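Quick caveat, the model's predicted, so the values are computed rather than measured. All chains are named by letter (A, B, ...) in the order of the sequence lines, taking the proteins before the strands, and each is independently numbered beginning at 1.
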Amino acid sequence: MSPADAQRSNASHPAQEAVARAFGAENRARLLARYFDATQTITSTNAWQHVYRLLLWIDRTTALAHCYESDKAQPGRAWYARSLAFHAWVSNALNVSPADLGESIDWLFREAVKDLASRALAIRTAVYEQQRAPYAGRGFPEPGEDPELVALIKEVVGKWMTEEPPEEEFRKLTRRIYVYVTQENKRRNLVGEGFEDVIAAVIGRLRFSDKTEIRSRCLLHDLPGFHAPPPNEKPRRVDLALLRGNHRTLVSAKWSIRADREEQFHTDFEAYARLESAGQDFEYTLITNEFDAARLKAACDRRRQNAPLFTHVVHVNPDAVVATYGEAVRGSATAVSAHVKDGRLMSLEAWLEKFGRRIPDRSGASTD
DNA sequence: CACGAGCATAGTCTTATGAA
DNA sequence: TTCATAAGACTATGCTCGTG
C-alpha cells in the first residue's frame, strides 16, 4: 500500500460505510482482512474452500453455481447437467444444502456491492431538475421509462394486482431491475484481481517453514533477477510473484481461460525468459478455476521449445472438475482426468503443500 | 474534482469442426 | 442434419494514473 493509499484509508471506517472504489485494491484488502481475521483455520487443505466461499457465485439464469458459459448451461443443454453436478459437489463439500449454497459463497462480491445499488439509483435531484428544465412541458421521457418491460411485468403478474400501480412506481421498478441485472457485469474485475488477492492472502497466512515474500500485480523488473524492458517495450506485470530465498515463482492466476487469452501465456513467458538477468531458473505456474476440459488440457500440454510452458498447472479443486464431468468422460475430458491422476493438473492443496515443503538450498551453500 | 486514456479483468457471442 | 465441442472474436466493466 502506498503512502497515499494509507492516507486515504481510514481505519475507523465502519464496515458498511460507502467506499469510493468498491472493487479497488484497497477495499478488497480491507474486506479480505475482515474475512480472514474471522476465520480460525487456514490450511493448504481448506484453501480451496476459502476461494469458493469468497469468489464462487450463483449464475442467476440457472440458479446454480457457475462453472461454465451461461448460454451452454441453460436447462436442456449439455452443461446444465454438469452445472447440477457441480452444484451438488460444492454443496456437499462445503456442507450446506443445495438450496443454501448461494448464501455460503460469493462473499467478496456481496460485501463489495452492498451499497452500490442504492448509489446507482440515487439522483442528484437539484442538478437533475436543472438539466431537464429547458425541456419542461414537452413530454420528454422520464428515466426508467420502459413500456415493454412494464408490459411484460403486467402480462405475467397483472392478474394478481388489485389495482394499477402509478407510472412513477413502474419507473422506479424498471430502474431497480436494470441496476440489479447490470450489477452482475461488474463482477469480472472483482473475480479476476480478487482471485490473485485471495491466493496471496492464503499463502500469507499459511505457516511455511521458510519465509516467503508475496507480491501481487508487481512489475517484472521490480523482482530480483529481472531486467527492465527496452524503452520501446511496455513494462511487464506479473499476476503473483512468490519469492523465497533465491527461488522465484511467477504465477499467472486466471479464474477462467479463453483461447485468445492463452496466447498471452506464451508471450508473457517469452518476455519473462528474455528479461531474466540472474541466469537462474524460475517457475512459471498457472492457477485457474477453468472447467472446460479442452482449455485445461491445452494449458497442461502447452510447450515452449523442449519443455512444458507451465512448471505447474493448478486448479482450485480438480475433484470438482472430475465430479462435474461425471461418468460420461470422453474427448478432452479423458485427457484431463488422466492429468488429474498423474498430477499434471494439481489441486491448490497439493501445490501449497509442495510449496510449503520446499527448502531453497539446492546449491548447498549456507543460508546464513 | 472531473475527465479520459490505457490497461486489465472476465463472460458472452459467433463461427468452425467433427462426430453421431 | 443435428448437436456438442472447440476455437476465436467481441463486449461490458472498473481501476489507476495523468491532466486540467
Side-chain angles (χ1 to χ4, degrees), chain A residues 1-5 8-9 19-31 55-62 64-74 76-83 106 108-109 112-113 116-117 119-120 124 127 178-199 216-220 229 233-240 251-268 287-299 301-302 316 324-326 328-336:
Chain A
M1 188 183 281
S2 74
D5 288 338
R8 268 197 302 276
S9 89
V19 288
R21 286 149 304 187
F23 304 110
E26 188 185 333
N27 195 42
R28 290 196 310 268
R30 184 181 69 90
L31 289 171
L55 298 172
L56 184 66
W57 70 97
I58 298 290
D59 180 330
R60 296 202 194 283
T61 68
T62 59
L64 298 172
H66 178 278
C67 66
Y68 208 74
E69 278 97 294
S70 178
D71 60 326
K72 297 168 187 73
Q74 292 307 303
R77 303 206 57 185
W79 277 85
Y80 187 66
R82 292 177 187 147
S83 294
D106 206 14
L108 201 56
F109 185 71
V113 300
L116 236 46
R119 283 210 288 157
R124 290 143 76 196
V127 179
Y178 183 76
V179 167
Y180 178 77
V181 171
T182 54
Q183 185 165 275
E184 200 60 26
N185 287 332
K186 304 176 192 300
R187 178 186 297 284
R188 300 164 189 183
N189 290 293
L190 196 72
V191 170
E193 298 203 338
F195 191 34
E196 299 159 11
D197 293 342
V198 171
I199 294 164
S216 299
R217 295 174 292 280
C218 65
L219 288 169
L220 180 71
E233 194 179 314
K234 67 167 186 172
R236 296 272 166 178
R237 279 185 189 277
V238 181
D239 288 350
L240 211 56
V251 174
S252 180
K254 305 290 170 212
W255 182 262
S256 70
I257 299 167
R258 294 294 179 275
D260 56 338
R261 294 190 237 140
E262 275 177 45
E263 299 308 318
Q264 206 175 2
F265 293 151
H266 214 103
T267 53
D268 282 347
I287 305 181
T288 185
N289 189 53
E290 177 58 57
F291 271 73
D292 181 284
R295 297 169 197 160
L296 288 172
K297 178 180 184 296
D301 295 347
R302 187 166 273 259
V316 173
T324 297
Y325 269 92
V329 172
R330 57 182 186 279
S332 298
T334 315
V336 165

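One donor-acceptor pair, N or O on each side, does fall under 3.5 Å between the base of B:dT12 and the side chain of A:R258.
Rounded to whole angstrom, the span from the CD atom of A:E290 across to the P atom of C:dT5 amounts to 13 Å. Atom CG in A:N189 sits roughly 10 Å away from atom P in B:dT9 (whole-Å rounding). In this structure, A:E184 places its CD atom 13 Å from C1' of B:dT12, rounding to the nearest Å. Rounded to a whole Å, the CD1 atom of A:I257 is 12 Å from the P atom of C:dA7. For A:N289 and B:dT9, the CG to C1' distance is 15 Å, given to the nearest whole Å. Note: CG (A:D197) to P (B:dA8) measures 16 Å, nearest angstrom. Rounded to an integer number of Å, the gap from CD of A:Q74 to C1' of B:dT12 is 12 Å. Atom P of nucleotide B:dT15 and atom CD of A:E69 are separated by 16 Å, given to the nearest angstrom.
In this structure, the nucleotide among C:dA7, B:dT9, C:dA6 sitting nearest to the side chain of A:E196 is B:dT9. Looking at the side chain of A:W255, the nearest of the listed nucleotides B:dA10, B:dC13, C:dA6 is B:dA10. Here the side chain of A:D71 is nearest to one of B:dT14, B:dT9, B:dG11, namely B:dT14. Distances from the side chain of A:E193 to the nucleotides B:dC13, C:dT16, B:dT9 place B:dT9 closest. For A:A259, the side-chain atoms get nearest to C:dA7 when compared with the rest of B:dT9, B:dG11, C:dA7. Listed nucleotides C:dA6, C:dC15, B:dG11 differ in distance to A:R21; the shortest reach to its side chain belongs to C:dC15. Listed nucleotides: B:dT12, B:dG11, C:dT16. Nearest to the side chain of A:A25: C:dT16.
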As a quick check of understanding, evaluate side-chain contact (heavy atoms from CB on, under 4.5 Å) for A:T288 and A:W255, giving each step before the final call.
CA-CA 5 Å; A:T288 185; A:W255 182 262; over 6 Å; no
Pair A:I199-A:V251, side-chain contact (heavy atoms from CB on, under 4.5 Å): steps then yes or no:
CA-CA 10 Å; A:I199 294 164; A:V251 174; 5.8 Å; no
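A salt bridge does not link A:R258 with A:D292: every distance from a Lys NZ or Arg NE/NH1/NH2 to an Asp or Glu carboxylate oxygen is 4.0 Å or more. A salt bridge is absent between A:D239 and A:R217; no separation between the charged side-chain nitrogens and carboxylate oxygens falls under 4.0 Å.
The residue A:D260 sits close to a base: some heavy atom pair falls under 4.0 Å. Among the protein residues, A:K234 comes within range of the sugar-phosphate backbone only, with heavy atoms under 4.0 Å from sugar or phosphate atoms but none that close to a base. Heavy atoms of A:R187 sit nowhere under 4.0 angstrom from any nucleic acid atom. Within the nucleic acid shown, A:D239 comes within 4.0 Å of sugar-phosphate atoms alone, with no base atom in reach, counting heavy atoms only. A:A78 comes within 4.0 angstrom of sugar-phosphate atoms only, judged by non-hydrogen atoms across all strands, and of no base. If you check every strand for non-hydrogen atoms under 4.0 Å, A:R261 touches a base.
The nearest pair of heavy atoms linking A:L240 to A:S216 is CD1-OG, 3.5 Å.
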Every protein N/O within reach of nucleotides 17-20 of chain B N/O, cut-off under 3.5 Å:
none

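Within the structure, a side-chain polar atom (N or O) of A:W79 is placed less than 4.0 Å from OP1 or OP2 of C:dT5. For A:S332, a side-chain nitrogen or oxygen approaches OP1 or OP2 of C:dA6 to under 4.0 Å. A sub-4.0 Å separation between OP1 or OP2 of B:dA8 and a side-chain N or O of A:R236 is absent. Residue A:K186 places no side-chain N or O under 4.0 Å from the OP1 or OP2 atom of C:dT13.
A:Q74 has its side chain out of reach of A:Y80: every pair of non-hydrogen atoms, C-beta onward, lies at least 4.5 Å apart.
Among residues two or more places apart in sequence or in another chain, the ring pair (Phe, Tyr, Trp, His ring centres under 6.0 Å) test is passed with A:F23 by none.
The side chain to side chain contact (heavy atoms under 4.5 Å, CB included) test with A:R295 singles out one residue from A:E290, A:R261, A:K254, and that residue is A:E290.
Note: A:W57 and A:H66 have parallel aromatic rings, judged against thresholds of 30 and 60 degrees for the angle between ring planes.
Nearest-nucleotide positions on DNA chain C place A:G76 closer to the 5' end than the other of A:T182 and A:G76. Residue order along DNA chain C, read from the 5' end via each residue's closest nucleotide, puts A:E262 first among A:F23 and A:E262. For A:K72 and A:V191, each mapped to the nucleotide of DNA chain B holding its nearest heavy atom, the one lying further toward the 5' end belongs to A:V191.
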